[in-house]
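Only one structure is covered here, and it is reproduced in the block below.
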Amino acid sequence: MKRQEQVLFYQFQDDEKLALACKTLHKMGIVTKILQPEDWREKVGYLLGAKGFQPAKAKDEDNFVFPHEVMVLQNIRNKRLDEVLLALKNAGVPHIRFKAVVTPFNTLWTLRRLCETMQKEHGALAEQAN
């Protein structure tokens, strides 16, 4: 049985860009979900609807703002990942810098940890490029 492909979108401010990305993915049979700003405290597995995950308990003192658009891809790998990214590009969806493929490890992370990890990795890559 083929696993359902799913993409989570987080922190998209441009509604047209988001609509175009969702439409393109839907044509490819990929389910999309638009996350809320406060979803950063939830585990990735919970946001994907995986079994065994409970919602996080909100803490008033917590605050996290991630100013970048994030795309989290589940069950999309290798050639299929290349196809999906090319389809988005060909549809005219502007570049999305922060992308992550779901792994057995990062499903246990909060969205905040995933975002922070991607930001560190992008920073390290930018330094290497200089």
Side-chain angles (χ1 to χ4, degrees):
M1 187 177 111
K2 190 171 184 247
R3 292 174 178 244
Q4 178 62 61
E5 297 171 327
Q6 184 175 190
V7 173
L8 304 179
F9 290 102
Y10 183 61
Q11 291 297 79
F12 277 69
Q13 305 303 318
D14 183 338
D15 290 339
E16 285 182 32
K17 178 179 183 177
L18 183 58
L20 182 58
C22 288
K23 181 181 171 187
T24 303
L25 295 174
H26 290 166
K27 283 182 184 174
M28 299 179 80
I30 299 170
V31 173
T32 60
K33 182 177 178 183
I34 299 159
L35 303 179
Q36 298 304 307
E38 64 276 7
D39 283 341
W40 57 264
R41 63 174 55 97
E42 300 293 350
K43 293 212 187 295
V44 173
Y46 175 78
L47 295 169
L48 291 165
K51 288 183 179 135
F53 287 90
Q54 299 297 318
K57 292 178 177 49
K59 296 180 182 90
D60 290 337
E61 72 275 4
D62 280 354
N63 199 8
F64 175 69
V65 176
F66 192 71
H68 308 287
E69 297 172 336
V70 177
M71 190 166 84
V72 180
L73 302 103
Q74 181 186 35
N75 298 322
I76 303 171
R77 290 187 176 76
N78 307 322
K79 280 185 190 172
R80 180 64 169 167
L81 179 60
D82 294 338
E83 287 172 15
V84 168
L85 297 177
L86 184 62
L88 290 169
K89 184 179 178 181
N90 289 343
V93 176
H95 180 70
I96 300 163
R97 210 168 114 212
F98 289 87
K99 295 180 278 298
V101 173
V102 175
T103 68
F105 300 107
N106 67 19
T107 55
L108 303 173
W109 294 1
T110 60
L111 183 59
R112 176 181 183 159
R113 180 173 175 194
L114 183 65
C115 290
E116 289 171 341
T117 301
M118 283 192 291
Q119 193 160 24
K120 284 179 195 158
E121 288 171 357
H122 274 273
L125 291 172
E127 281 181 27
Q128 287 177 351
N130 293 336

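Hydrogens, waters and symmetry mates play no part in the numbers below; they use all other heavy atoms, side chains included.
- Between K79 and E83 there is no salt bridge, since no side-chain N of the basic residue sits under 4.0 Å from a carboxylate O of the acidic one.
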Scan the side chains in residues 27-39 for donor-acceptor partners under 3.5 Å anywhere in the protein, sequence neighbours excluded, and list what turns up.
unit_1, atom_1, unit_2, atom_2, d
T32, OG1, H26, NE2, 2.7
K33, NZ, L47, O, 2.8
D39, OD2, Q36, N, 2.8

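- Remark: side-chain polar atoms of Q74 are not paired, donor with acceptor, to backbone N or O of V7 under 3.5 angstrom.
- Evaluation of the side-chain hydrogen bond (donor to acceptor under 3.5 Å, both in side chains) rule for E16 yields no partner, not counting sequence neighbours.
- Checked against side-chain hydrogen bond (donor to acceptor under 3.5 Å, both in side chains), Q11 has no partners two or more places apart in sequence or in another chain.
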Please list every donor-acceptor pair under 3.5 Å in which a side-chain atom of residues 91-103 meets a protein atom from a residue at least two apart or in another chain.
unit_1, atom_1, unit_2, atom_2, d
K99, NZ, I96, O, 2.4
T103, OG1, F105, N, 3.2
T103, OG1, N106, N, 3.0
T103, OG1, N106, OD1, 3.4

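- M118 and V44 fall within the same hydrophobic cluster, defined by Ile, Leu, Val, Met, Phe, Trp and Tyr side-chain heavy atoms under 4.5 Å apart, directly or through other members.
- Clustering ILVMFWY residues whenever any of their side-chain heavy atoms sit less than 4.5 angstrom apart, transitively, puts L18 in a cluster other than the one holding Y10.
- In the hydrophobic clustering of this structure, F9 does not group with V70; members are Ile, Leu, Val, Met, Phe, Trp, Tyr whose side-chain heavy atoms approach within less than 4.5 Å, directly or through other members.
- Put simply, F12 and L88 are part of the same group of oily side chains (I, L, V, M, F, W, Y) that touch within less than 4.5 Å, one to the next.
- Side-chain contact between V72 and L114: present, with at least one pair of heavy atoms (C-beta onward) separated by less than 4.5 Å.
- Screening residues 63-74 for salt bridge (Lys or Arg N to Asp or Glu O under 4.0 Å) gives K17-E69 as the qualifying pairs, with residues at least two apart or on separate chains.
- A salt bridge links E5 and R80; the closest N-O separation between the charged side-chain nitrogens and carboxylate oxygens is under 4.0 Å.
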